[in-house]
Amino acid sequence: MGKTLLCFPLLEARKREAMAQFWKPGSEKPRLLDDEEGGVLFYSSSGFGYANMEKQRQKLPVFKYRNPILYLVENHATTIIVGETGSGKTTQIPQYLKEAGWAEGGRVIACTQPRRLAVQSVASRVAEEMGVKLGEEVGYTIRFEDRTNPGVTAIKFLTDGVLLREMMDDPLLTNYSVIMVDEAHERSLSTDMLLGLLKKIQRRRHELRLVISSATIEAKSMSAFFDTRKTRQGEADEHCVPRRQPTILSVEGRGFNVQIQYLEEPVSDYLQAAVSTVLLIHEQEPMGDILVFLTGQDDIDAAVQLLNEDAQNRGRQPSGLIVLPLYSGLSRADQDLIFSPTPKGKRKVVISTNIAETSLTLEGVVYVVDSGFSKQRFYNPISDIENLIVAPISKASARQRAGRAGRVRPGKCYRLYTEEYFVKEMHAEGIPEMQRSNLVSCVIQLKSLGIDNILGFDWLASPAPEAMVRALEVLYSLGILDEDAKLTSPTGFQVAEIPLEPMISKMILSANLLGCSEEIITIAAVLSVQSIWMSARGSQKELDETKLCFAVAEGDHVTYLNVYKGFLHSGKSSQWCHKNFINYQAMKKVVEIREQLHKLLRRLGIVLKSCDGDTKVLRKAITAGFFAHACRLEAFSHNGMYKTLRSSQEVYIHPSSVLFRVNPKWLIYHSLVSTDRQYMRNVIAIDPSWLIEAAPHFYQLQKPNTATY
DNA sequence: GAGCACTGC
């Protein structure tokens, strides 16, 4: 790879003037970061261009491009944009591309975002800037909401997950002339899958242009990944545009400078260090809000308490601090407190999880305190268990966190670790989600797109072979894949169509055969949201008592049916939810998912049928999907210890379950939560004979009433 | 008798 190239040594003033003229967002300057061929971005009296030094510059048609991005996109199959926050890349580039004619002839410019909220807000911003009605020329699609007008929409924003789903109907994405993937550096599961598939599509569709937007740190690996010159060598169209070697363009942002402060000595207790740092900032620094990054609810609640105690100890003198916690488990109303303006003379301190790193943006933050840790999910393919572990963040995350201090004016970031640690020990990038997740959903999606050799798939980062093998095993045992690891018909193909965990999808299909699909899709929807109970630490007793009104002896799944019935009966009332310690937002989502499933099943030719309160068939349907999650109460166990049938893992019923302390002999759980113990969340009592009925290939009868693996 | 970083279809 070549060195970083900058603009021609032009007079600074002329350069700035030119930038201002041709680069709409005003203060930002495009700058070519790297190019192996020695191309440079240059300026002439008629505009910016891009040229190859080796060739005669005059012969290149650079002068017709008034914007370097257009030149790059037209002439490269893949353009990688490295843009700082506030550079306008997300909103400007789609508009440039449309102006340049990339959306003509019924073609559409697709722009993906990893999050629904981002899709909505970017789409409405662009529609506003272009002076058009949202949903017409500029539209968006997210789950449960499609605001596009086919034939009219020229720029379409969507989540990367939706684009993946669209590929199931149109594997080459023929509607789109340009696909822009934003925030690719976050390396989410769906982004990684999408990038691998897009590279494959490019091989078939030479006219397709990709624009990948990423943080600087990932640009080189992205570029190397999309560099297809080697694989295409010797082919007849070698001389044709576009070039298969990606180009990288860096766009400077409008963020303010953030001064970084390190600790001189490492600390052992980052919680205490965070609290002291907040107090220090408050004493010594000018006004401006503080954002503190900690790892989870426990840490955050503890820090909030320490800061409030400190304020009380000061006695009469008011501390002037408004301390607010922030994590996704908070109710909507509590989360919204964060956005209330800070009263004059006060200083807001928001103590947050990673949610404030990417998902929520707080205006007015001038100081960031970074603990250097976050909770991360790790998957162990051997035990098939996902764990949440407090782990050090990457340099990329640390930069992202620091950047949150420079949105309104120059800020400061206090890192609760040493500079030496940052430079020498901190990893440049985090581990991609692909390498720390359960892969069943991923495998099934690729299979449905006709990717048979999944281990040989062109990954940006290859997943662990053990995880892949485990996923294939699970899908085989569910009857979703056959011996040749191909999707079975119809089960496999139907499961791939249903946008839920494959085990839940299998449960739904089995319910169809057992005649209880009406009830099962409600259960499926509830299992697909976080938790329908309100997290009420202070009023735990009341919550438990209320829960008893809905609870049934069969277990949590059947209990959820009662909650759902009550919710419908109340007219989907938020007051009813509040009164019953039920999360209103979660219930709304349950209703949406249920509706989506209803529609989808109709498309698959499945008619909903009710079992009219026969919970036995209901539990049999659950068993058909989750037979691998069966466990048995240990004989003579006094503390409610269970062992899983598959691997004799020690597990316990989670205290939030309605079967806690009931301890039926045989159970099926939906998922495990690992802390000091493995807790089973969402459990249901079963009869062991159902296991053999549902999965004779998985369980064999050893002696009466005892199944064994 | 105790605990859930964050997304997404």
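Residue numbers start from 1 in every chain, and the chains themselves are labelled A, B, ... in the order their sequence lines are given, proteins ahead of strands.
Considering only side-chain N and O atoms, A:S328 lies under 4.0 angstrom from the phosphate OP1 or OP2 of B:dC6.
In this structure, CG of A:N354 is placed 15 Å from C1' of B:dC4, rounded to the nearest angstrom. Look at CD1 on A:I593: it is 12 Å from P on B:dG8, rounded to the nearest Å. Rounded to whole Å, atom P of B:dC6 lies 15 Å from atom CZ of A:R404. The distance from atom CG of A:L117 to atom C1' of B:dC6 is 14 Å, rounded to the nearest whole Å. For A:I498 and B:dG8, the CD1 to P distance is 21 Å, given to the nearest whole Å. Taking atom CZ of A:R143 as the reference point, atom C1' of B:dC9 lies 5 Å away to the nearest angstrom. Distance A:E433 CD to B:dC6 P: 14 Å, rounded to the nearest Å. Distance A:Q530 CD to B:dT7 P: 8 Å, rounded to the nearest Å.
When the nucleotides B:dG1, B:dC6, B:dG8 are ranked by their closest atom to the side chain of A:R116, B:dG8 comes out on top. For A:T353, the listed nucleotide lying nearest its side chain is B:dA5; candidates were B:dG8, B:dT7, B:dA5. Comparing B:dT7, B:dA5, B:dC4 against the side chain of A:V673 picks out B:dC4 as the nearest. Residue A:R115 has its side chain nearest to B:dT7 when only B:dC9, B:dT7, B:dG3 are considered. Nearest nucleotide to the A:V162 side chain, out of B:dC9, B:dG1, B:dA5: B:dC9. Among the nucleotides B:dG8, B:dC6, B:dG3, the one closest to any side-chain atom of A:T159 is B:dG8. Between B:dG3, B:dG8, B:dA5, one nucleotide has an atom nearer to the side chain of A:Q297 than all others, and that is B:dA5.
Heavy-atom contacts from other residues, nucleotides or ligands closer than 6.0 Å to NZ of A:K200 number 12 or fewer. The environment of A:Q530 atom CD is sparse: at most 12 non-hydrogen atoms of other residues, nucleotides or ligands sit within 6.0 angstrom.
Nucleic acid contact class of A:L388 (heavy atoms, under 4.0 Å, all strands): base. Among the protein residues, A:S374 comes within range of no part of the nucleic acid, since none of its heavy atoms lies under 4.0 Å from any strand. Note on A:I142: only backbone sugar-phosphate atoms sit closer than 4.0 angstrom, heavy atoms only; bases stay farther off.
Panel note: side chain A:Q335, backbone A:Y327; a donor-acceptor pair is recorded below 3.5 Å. Under the 3.5 Å distance criterion, the side-chain polar atoms of A:S517 are left unmatched by any main-chain donor or acceptor of A:A511.
When each of A:R436 and A:P499 is assigned the nucleotide of DNA chain B with its nearest heavy atom, A:R436 is the one assigned upstream, toward the 5' end. Each of A:G161 and A:S359 was assigned the nucleotide of DNA chain B with the nearest heavy atom; the assignment lying further toward the 5' end belongs to A:S359.
Under 3.5 Å, the side chain of A:D544 and the base of B:dG1 form at least one donor-acceptor pair of N or O atoms.
Taking 4.0 Å as the cut-off between side-chain N and carboxylate O, A:E429 and A:R187 do not count as a salt-bridged pair.
Centroid-to-centroid, the aromatic rings of A:H578 and A:Y584 stay 6.0 Å apart or farther.
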